[in-house]
Amino acid sequence: MATHAEYEEIFAEVEAPFAFVDLDAMWANAEAMLARAAAKPVRVASKSLRCRAVIDRILAFDQRFDGLLTFTLPETLWLAEQGHENLLVAYPTTDSDALGELALRSVANPDGAPIVMVDCVEHLDAIQSVLGAGAAPVRVCIDVDAGWWALGGRVKVGPKRSPVHTVEQAAALAREIERRPQLLLAAVMAYEGQIAGVGDTPPGRRLRGASIRFMQRRSAPEIAERRAAIVAAIRDFAEVPIVNGGGTGSLELTGSEDAVTEVTAGSGFYAPTLFDHYSRFSLTPAAGFALAIVRKPSPRVATALGGGYLASGSGDAARLPSPWLPPGLELDAEEGAGEVQTPLLGPAAAELRIGDRVYMRHAKAGELCERFNSLHLVEGSRIVDEVPTYRGEGRAFL
Ligand SMILES: Cc1ncc(COP(=O)(O)O)c(C=O)c1O
């Protein structure tokens with residue numbers, strides 16, 4: 001991992017603010033994730049990268065990075081137009097224009113068109129409503145709730161996504177899909193966000209860490225068993241070639257399940273701060289952004305221009321960006337990271353002068369790319385490319 005002085009040398013000619021990806025760190029993360037995924041193919045989560053050039057480099061890096069888990073249907077169709085195949089849209093859509101376009105793609109390429117996510121009959125109806133009589137089948141994936149239920153279902157832990165939780169519910173939706181000749185069941189996905197996306201060693205919160213570990217120790221075997229039972233029940237009457245699960249934080253657990261044919265990873269390439277606190281693995285920070293120090297409100301405070309790039313989610317302090325380099329900087333508890341300025345405190349702040357730059361990390365992965373038109377790609381001690389983000393290509397999907 002480079003030091004502040006090394007990054008300053010690398011980026012000497014680039015004006016702040018700017019964002020970058022350190023490819024050496026990213027490839028170290030890629031290798032580490034492949035090693036954790038128990039020889040399974042890894043579908044790449046596009047929402048956590050939001051830069052086509054980076055996605056393409058990852059897919060070319062190793063054959064096991066295979067296909068994309070995309071986040072909206074318009075994004076997916078755009079990627080398909082660029083020649084991407086093996087696309088699975090992770091979240092359901094009600095966008096009838098995009099569904100209409102998908103229907104056309106499915107006619108042109110029945111086995112290669114994107115697969116869309118469904119978890120209820122309304123989703124099936126929405127897809128069918130755009131299909132003409134002679135349309136080719138649209139491939140769908142059933143999203144199974146991988147949440148952990150305790151106390152007879154009175155406590156439900158996990159993202160509030162699909163209503164399909166039990167084997168019976170999953171099999172019933174699969175049978176409904178089988179009854180509809182214009183739909184083809186191509187995949188089942190069950191993403192255990194309460195394991196994959198929740199660090200089990202939150203700093204300064206020992207009790208919370210212990211309760212997260214308690215929950216994850218019970219949730220992992222429960223979802224492994226239920227996922228296998230769901231896949232077995234559906235395979236009694238349908239093929240379902242793809243069974244997807246997992247995320248950056250659960251690769252070794254989900255990857256080791258026989259019923260799972262592939263895992264997903266995205267955030268682990270950039271390794272944002274929300275992935276700093278897991279006991280099962282550690283990653284190397286690979287993406288960051290630089291801000292210029294433009295003010296010294298007092299000798300011990302250095303104030304940067306901009307920086308208020310908060311991550312989506314629960315709205316707690318962990319969603320703020322973190323000062324990274326030089327080490328020894330802290331956000332101000334009152335101001336945090338602001339729209340136009342971010343005051344920096346801590347021992348290193350006194351050393352910073354107007355015109356210096358500081359390096360920050362985002363809490364989440366792909367959202368960084370919604371703030372910058374391009375990413376500078378670094379290899380060794382030099383910039384090897386500057387590539388547009390989705391935003392830089394004029395594409396804002398969510
Ligand atoms: C359906 C699904 N699968 C997998 C992931 C894992 O992505 P990442 O590796 O970026 O955490 C996510 C992230 O939210 C997701 O929604």
Side-chain angles (χ1 to χ4, degrees), residues 21 26 29-30 32-34 36-37 40-51 54-55 58 64-73 75-76 86-93 114-119 140-147 158-162 164 187-200 216 223 227 242-255 257 260-278 280-283 285-287 311-314 318-319 362-370 390 397-398:
V21 170
M26 189 173 88
N29 294 334
M33 290 196 290
L34 286 173
R36 288 172 53 220
K40 294 265 156 77
V42 178
R43 188 175 287 278
V44 176
S46 67
K47 81 169 174 64
S48 305
L49 296 159
R50 301 195 200 197
C51 171
V54 170
I55 289 171
I58 290 170
R64 275 177 62 208
F65 291 127
D66 193 7
L68 297 177
L69 187 78
T70 55
F71 68 121
T72 74
L73 187 52
E75 177 219 11
T76 312
N86 194 2
L87 302 169
L88 172 59
V89 190
Y91 315 101
T93 184
I115 303 171
V116 287
M117 199 58 61
V118 297
D119 67 32
V140 298
C141 174
I142 296 181
D143 188 355
V144 172
D145 171 51
K160 295 173 184 61
R161 289 187 179 174
S162 171
V164 177
V188 170
M189 182 186 82
Y191 168 63
E192 57 295 312
Q194 73 280 6
I195 302 173
V198 181
D200 61 347
Q216 292 182 345
I223 184 56
R227 197 156 23 210
I242 300 174
V243 180
N244 178 283
T248 293
S250 67
L251 292 172
E252 59 283 292
L253 300 169
T254 317
E257 291 179 29
V260 168
T261 63
E262 58 172 44
V263 289
T264 292
S267 303
F269 294 100
Y270 292 164
T273 61
L274 282 173
F275 288 85
D276 282 350
H277 306 292
Y278 284 72
R280 296 184 296 278
F281 61 91
S282 64
L283 296 162
S312 60
S314 58
R319 307 277 150 174
H362 204 278
K364 283 188 115 170
E367 289 181 24
L368 169 67
C369 293
E370 299 297 342
Y390 278 14
F397 296 106
L398 280 182

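Each ligand, and each atom within it, is numbered from 1 in the order the structure gives.
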**Prompt:** Does any N or O in the side chain of Lys47 come within less than 3.5 Å of the main-chain N or O of Gly266, such that one atom is a donor and the other an acceptor?
**Reply:** no
**Prompt:** Where the side chain of Tyr390 meets the backbone of Glu370, is there a donor-acceptor pair that is under 3.5 Å apart?
**Reply:** no
**Request:** Determine, for Tyr191 and Arg161, whether the Lys NZ or Arg CZ falls below 6.0 Å from the six-membered ring centre while staying within 45 degrees of the axis.
**Result:** no
**Asked** Under the criterion side-chain hydrogen bond (donor to acceptor under 3.5 Å, both in side chains), which of Asp66, Asn86, Thr70 is the partner of Arg43?
**Response** Asn86
**Message:** Give the residues near ligand 1 by chain and number, with the criterion being a heavy-atom distance under 4.0 Å.
**Reply:** Lys47, Ser48, Leu69, Tyr91, Arg161, Met189, Tyr191, Gly246, Gly247, Thr248, Thr264, Ala265, Gly266, Ser267, Phe275
**Asked** Okay, side chain of Thr264, backbone of Gly247: is any donor-acceptor separation there less than 3.5 Å?
**Response** no
**Request:** Run through Thr248, Ile55, Ile58, Asn29 and flag the one making a side-chain contact (heavy atoms from CB on, under 4.5 Å) with Phe269.
**Result:** Ile58
